Student: 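Got a structure for you, written out below as structure tokens; questions coming shortly.
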Amino acid sequence: MNKQRVGGLEAGGTKMVCAIGDGNGRIVERSSFATTTPEETVPQILQFFKAHAIAALGVGCFGPIELRETHHDYGKILHTPKIPWVRYPIFETLKKGLQVPIALTTDVNAAVIGETRKGAAQGVDSCLYITVGTGIGAGAIINGKLLAGFSHPEMGHISVKRHGSDTFQGNCPYHSDCLEGLASGTAIEARFQAPAASLSSRQEVWKMEAHYLAEAIAQYILILMPKRIIIGGGVMKQAHLFPLIRKEVSQRMAGYVDIDSFDLDSYISPPSLGDDAGITGSLLLAEDVYQSFKYKHHEALKKGW
Ligand code: ADP
Ligand code: ZN
């Protein structure tokens with residue numbers, strides 16, 4: 001049976017990735033555009049999806065965003081450092097422009113959905129996805145449900161113990177030396193005065209990075225007890241960070257939480273969908289929202305509405 005095509009949008013601070021899915025979470029076509037201003041970027045997104053007659057759209061968006069459906073600001077981007085996007089009504093604009101059911105979540109929530117349904121954590125009901133890129137963020141599925149309270153989590157902004165030889169003040173505009181302020185790609189670049197990708201051979205850079213990420217992951221484990229931890233984002237292209245992080249996390253658990261009985265290589269791992277974790281999750285969300293829309297439509301017809 002031919003499934004309806006759906007759209008997925010991974011709205012990132014650097015680029016917008018648009019994809020068409022085959023109805024089974026597989027990408028059949030894609031395009032991406034630089035994220036500049038909404039006035040410039042959004043028409044490109046609308047044009048791409050209008051050309052494909054999609055049945056629904058799933059969106060994984062950089063945050064913070066208002067995700068309470070009953071809130072008057074639902075679907076608006078909130079106090080982001082990306083100034084042209086502050087208070088931008090992304091949900092409403094896409095809804096008006098495309099006239100299809102839309103599911104909206106954060107970029108990291110989309111990635112954790114992608115990895116638990118199609119990637120490294122298939123069948124795992126409690127999983128944490130962390131991205132270490134321009135900023136740091138994490139999304140979690142705990143007992144099969146996306147973790148959320150009055151808002152989505154902001155795990156990139158927790159406090160971490162400073163590395164003994166770090167004198168960098170931190171560059172989070174809100175908290176200076178939170179995790180993101182000390183360990184994001186932009187923090188590495190500001191501290192060492194060179195792009196993170198150019199520092200591969202500088203051991204002290206990655207020892208410090210592993211220290212900060214392990215500090216945070218140890219706390220995430222103590223609070224959430226995830227069964228898998230997946231770390232993606234540009235900075236994790238430095239694959240030698242993984243063994244350093246595993247070792248430091250294990251030391252911090254100190255045998256109290258026995259993660260050493262796990263296969264640590266898969267307990268803390270890169271996304272098996274690579275850079276496609278988020279866009280795959282967005283497509284899966286689009287399929288879900290389309291199915292629930294069809295169901296509601298069917299029920300309404302049965303009741304003669
Ligand atoms: P975004 O967070 O904007 O979605 P990325 O996940 O690609 O984008 O992260 C971009 C950040 O990752 C930048 O700060 C960049 O310096 C860093 N980065 C990109 N490639 C590498 C690499 N090979 N090694 C280390 N850092 C990298
Ligand atoms: Zn912060």
Side-chain angles (χ1 to χ4, degrees), residues 1-63 65-67 69 74-77 84-85 88-119 139 146 273-305:
M1 192 185 76
N2 267 343
K3 289 221 172 169
Q4 281 281 350
R5 298 240 151 151
V6 294
L9 168 65
E10 190 184 16
T14 317
K15 64 178 190 297
M16 298 282 174
V17 181
C18 301
I20 304 300
D22 67 353
N24 284 311
R26 275 186 297 267
I27 299 166
V28 293
E29 196 171 332
R30 73 163 80 206
S31 192
S32 63
F33 318 105
T35 305
T36 57
T37 60
E39 292 70 30
E40 223 172 62
T41 310
V42 174
Q44 293 174 286
I45 297 171
L46 293 175
Q47 196 184 10
F48 175 83
F49 288 120
K50 278 182 183 165
H52 287 90
I54 52 170
L57 179 70
V59 183
C61 185
F62 67 84
I65 35 176
E66 179 57 64
L67 289 180
E69 287 187 30
Y74 175 70
K76 275 190 186 157
I77 296 172
W85 296 85
Y88 186 72
I90 187 138
F91 177 85
E92 196 186 319
T93 314
L94 293 170
K95 184 92 195 157
K96 276 194 187 140
L98 298 172
Q99 306 280 330
V100 293
I102 296 180
L104 174 70
T105 194
T106 64
D107 45 6
V108 278
N109 278 352
V112 78
I113 290 170
E115 284 292 320
T116 51
R117 286 174 53 184
K118 292 276 174 189
L146 280 174
L273 298 170
D275 293 339
D276 284 346
I279 194 69
T280 303
S282 302
L283 289 173
L284 292 166
L285 276 175
E287 286 162 25
D288 291 351
V289 75
Y290 176 61
Q291 290 309 328
S292 96
F293 169 79
K294 256 194 350 192
Y295 175 78
K296 281 187 199 146
H297 186 66
H298 180 75
E299 288 296 294
L301 282 180
K302 265 205 322 206
K303 289 180 183 153
W305 293 347

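Throughout, residue positions are numbered sequentially from 1 according to the sequence presented. Just so it is clear, the model here is predicted, and its values are computed rather than measured.
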Student: Indicate yes or no: at least one non-hydrogen side-chain atom of Cys18 is less than 4.5 angstrom from one of Ile45.
Tutor: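 Result yes, sub-4.5 Å side-chain heavy-atom pair found.
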
Student: Carefully, step by step, assess Arg30 and Asp276 under the rule side chain to side chain contact (heavy atoms under 4.5 Å, CB included).
Tutor: CA-CA 11 Å; Arg30 73 163 80 206; Asp276 284 346; 2.9 Å; yes

Student: Do you know the tightest heavy-atom contact between Gly278 and Ala110?
Tutor: O-CB, 3.6 Å

Student: Within a reach of under 6.0 Å around CG of Asn24, are more than 12 heavy atoms found that belong to other residues, nucleotides or ligands?
Tutor: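 For Asn24, atom CG is crowded (more than 12 foreign heavy atoms under 6.0 Å).
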
Student: Would you say that Thr106 contacts Leu67 through its side chain, given a criterion of any heavy-atom pair below 4.5 Å between the two side chains?
Tutor: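 SC-SC contact between Thr106 and Leu67 confirmed.
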
Student: Within a strict 4.5 Å, meaning less than it, do heavy atoms of the Thr35 and Thr14 side chains meet?
Tutor: no

Student: Between Thr116 and Ile113, is there a donor-acceptor pair closer than 3.5 Å when you use the side chain of the first and the backbone of the second?
Tutor: yes

Student: Within the 4.5 Å heavy-atom criterion, are Val289 and Leu285 side-chain neighbours or not?
Tutor: no

Student: Could you check whether any side-chain N or O of Ser282 sits under 3.5 Å from a backbone N or O of Val59, counting only pairs where one atom can act as donor and the other as acceptor?
Tutor: no

Student: Could you tell me the separation between the OG1 atom of Thr36 and the CH2 atom of Trp85, rounded to the nearest 0.5 Å?
Tutor: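 If we round to the nearest 0.5 Å, Thr36:OG1 and Trp85:CH2 are 7.0 Å apart.
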
Student: Do the side chains of Glu299 and Lys302 get close enough for a salt bridge, i.e. N-O under 4.0 angstrom?
Tutor: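 So Glu299 pairs with Lys302 through a salt bridge.
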
Student: Strictly distance-based, threshold 3.5 Å: is any side-chain N or O of Glu115 a donor or acceptor partner for the main-chain N or O of Ala277?
Tutor: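 Judged by distance alone, no pair lies under 3.5 Å.
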
Student: Kindly give the heavy-atom pair with the smallest separation between Ala286 and Gly7, and that separation in Å.
Tutor: CB-O, 3.3 Å

Student: Distance from Asp288 atom CG to Leu283 atom CG, nearest 0.5 Å?
Tutor: 11.0 Å

Student: Between Phe48 and His52, what is the ring plane arrangement, given parallel below 30°, perpendicular above 60°, and tilted in between?
Tutor: tilted

Student: Could you give the distance from CD1 (Ile65) to CD1 (Ile90), rounded to the nearest 0.5 Å?
Tutor: 8.0 Å

Student: Would you give the length of the straight line joining atom NZ of Lys95 to atom CD1 of Ile102, rounded to the nearest 0.5 angstrom?
Tutor: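 CD1 of Ile102 is found 5.5 Å from NZ of Lys95.
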
Student: Can you check whether Tyr290 reaches Lys294 side chain to side chain, under 4.5 Å on heavy atoms?
Tutor: yes

Student: Under 4.5 Å between any side-chain heavy atoms of Leu9 and Phe49, yes or no?
Tutor: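 Answer yes - side chains close enough.
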
Student: Are Tyr88 and Thr93 close enough that some pair of their side-chain heavy atoms sits under 4.5 Å apart?
Tutor: yes

Student: If I take atom OG1 from residue Thr280 and atom CD from residue Glu10, how far apart are they, to the nearest 0.5 angstrom?
Tutor: 9.0 Å

Student: Lys76: what forms a side chain to side chain donor-acceptor pair (under 3.5 Å) with it, not counting sequence neighbours?
Tutor: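 Lys76: side chain to side chain donor-acceptor pair (under 3.5 Å) contacts with Asp73.
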
Student: Could you tell me the separation between the SG atom of Cys61 and the CG atom of Leu104, rounded to the nearest 0.5 Å?
Tutor: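 Output value for this atom pair is 6.5 Å.
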
Student: Of the non-hydrogen atoms in Pro43 and Pro38, which two are nearest, and what is the gap between them?
Tutor: CD-O, 3.6 Å

Student: Return the minimal non-hydrogen interatomic distance between Leu57 and Gly8, and the atom names on each side.
Tutor: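 Closest approach of Leu57 to Gly8, heavy atoms only: CD1-N, 3.9 Å.
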
